[in-house]
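Data first, discussion second: the structure below is written as structure tokens.
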Amino acid sequence: MSEVIVRPARTADVKAVHNIIETYALQRRLLAKERVTLYEDVQEFLVAEVDGEVVGCGALHVLWEDLAEVRTLAVMDHMRGKKIGHCLLEAIIERARAVGVKRLFCLTFETRFFGGHGFTEIQGTPVEPEIYAQLLRSYDEGIAEFLDLESVKPNTLGNTRMLRIL
């Protein structure tokens, strides 16, 4: 396999990122995302490229001063097992450190993968009540899922909450 290049996503990558996400959304392993949402959030995304082709993606979404979420980490099915997800996650962790995040959260079915990167399973929402109250004001569906609000229960995939202290 050629070299894996992890870089910030560009608007020209959105179609490929959307296609990767859709594959897993159909399997109910990721939440579907509208293409317009991906354009709005493109600055949060990193992509993995092999031979000029986008083969993976992942995003860092800051939730609060010291807390961010790893979102939409996915690799094309035929490229799984080649350490591309590891490269993406390590780059997301570095990006989190660079912006000052101290805790990194994820909702995942891939507990072994994230566990191998220092994430541990948690119960509940890892924020104090006053921060929880502030986060309730967000319109972001991902934050509603993070807060485990009833309004998003039908969309919740049944995945595991995990946290890593940086």
Side-chain angles (χ1 to χ4, degrees), residues 1 4 6 9 13-35 37-38 40-42 44-50 53-64 66-97 101-127 132 135 138 140-166:
M1 184 178 81
V4 177
V6 175
D13 300 321
V14 167
K15 185 176 180 182
V17 168
H18 185 259
N19 290 340
I20 293 168
I21 294 168
E22 282 301 298
T23 300
Y24 291 102
L26 290 171
Q27 299 170 18
R28 297 199 33 81
R29 298 188 62 75
L30 279 180
L31 291 176
K33 292 198 182 285
E34 296 295 333
R35 203 174 289 181
T37 303
L38 294 172
E40 291 170 348
D41 297 340
V42 73
E44 294 184 356
F45 274 84
L46 296 173
V47 295
E49 199 178 84
V50 175
E53 178 187 11
V54 173
V55 297
C57 61
L60 176 71
H61 183 79
V62 175
L63 299 172
W64 200 251
D66 68 334
L67 180 67
E69 181 181 2
V70 176
R71 288 189 176 174
T72 322
L73 183 63
V75 175
M76 292 175 87
D77 204 38
H78 74 278
M79 297 299 282
R80 289 179 59 130
K82 300 179 189 299
K83 303 290 184 194
I84 295 168
H86 296 277
C87 293
L88 279 163
L89 184 54
E90 287 303 316
I92 290 168
I93 290 167
E94 286 308 309
R95 184 180 258 197
R97 285 186 175 119
V101 169
K102 303 285 186 248
R103 299 179 300 154
L104 206 47
F105 172 81
C106 68
L107 292 165
T108 186
F109 290 107
E110 303 293 338
T111 55
R112 211 166 113 210
F113 171 80
F114 280 95
H117 287 271
F119 286 76
T120 57
E121 290 187 34
I122 62 167
Q123 300 297 318
T125 305
V127 294
Y132 185 95
L135 291 174
S138 174
D140 185 288
E141 282 188 31
I143 289 182
E145 189 175 346
F146 166 75
L147 296 176
D148 204 22
L149 300 181
E150 288 297 321
S151 62
V152 296
K153 290 292 185 188
N155 297 328
T156 300
L157 302 175
N159 41 24
T160 301
R161 297 165 165 272
M162 299 186 82
L163 187 72
R164 176 175 167 173
I165 307 298
L166 301 181

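Model, not experiment: these values are computed from the prediction.
Nearest heavy-atom pair, Ile20 versus Ala74, reported as atom, atom and distance to 0.1 Å: CG2-CB, 3.7 Å. Closest approach of Val6 to Cys87, counting heavy atoms only: CG2-CB, 3.9 Å. Considering all non-hydrogen atoms of both residues, Glu69 and Arg71 come closest at OE1-NE, 3.1 Å. Closest heavy-atom contact between Leu166 and Val101: CD1-O, 3.5 Å. Heavy atoms only, all atoms of each residue included: Met76 and Val54 are closest at SD-O, 3.5 Å. In terms of heavy-atom proximity, Met162 sits nearest to Phe114 at SD-CB, 3.8 Å.
For the atom pair OG1 (Thr160) and CG (Leu107), the distance works out to 9.0 Å, reported to the nearest 0.5 Å. Atom CG of Asp66 sits about 11.0 Å away from atom CG of Leu104, to the nearest 0.5 Å. A distance of 7.5 Å separates CZ of Arg28 from CZ of Phe109, quoted to the nearest 0.5 Å. Expressed to the nearest 0.5 Å, how far CG of Leu46 lies from CD of Glu94 amounts to 11.5 Å. One finds the SG atom of Cys106 at 8.0 Å from the CG atom of Leu89 (value rounded to the nearest 0.5 Å). One finds the CD1 atom of Ile122 at 8.5 Å from the CZ atom of Arg103 (value rounded to the nearest 0.5 Å).
For His18, the ring-ring contact (aromatic ring centres under 6.0 Å, His included) criterion is met by no residue, not counting sequence neighbours. For Glu49, the salt bridge (Lys or Arg N to Asp or Glu O under 4.0 Å) partners two or more places apart in sequence, or in a different chain, are Arg7. Residues satisfying the side-chain hydrogen bond (donor to acceptor under 3.5 Å, both in side chains) criterion with Glu22, sequence neighbours excluded, are absent altogether.
Side-chain contact check for Leu67 versus Leu163: some heavy-atom pair is nearer than 4.5 Å. When side chains are defined from C-beta on, Phe119 counts as touching Val70, because their heavy atoms get closer than 4.5 Å.
Among Leu60, Leu88, Thr72, Ile92, the one residue that satisfies the side-chain contact (heavy atoms from CB on, under 4.5 Å) test with Phe45 is Thr72.
With hydrogens and angles disregarded, a donor-acceptor distance shorter than 3.5 Å links the side chain of Arg164 to the backbone of His117. Between the side chain of Arg161 and the backbone N or O of Phe105 there is no donor-acceptor pair closer than 3.5 Å.
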Any chance you could lay out the side chain to side chain contact (heavy atoms under 4.5 Å, CB included) test for Phe113 and Leu73, step after step, and finish with the verdict? CA-CA 11 Å; Phe113 171 80; Leu73 183 63; 3.6 Å; yes
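Atom CD of Glu34 has 12 or fewer heavy atoms from other residues, nucleotides or ligands within 6.0 Å.
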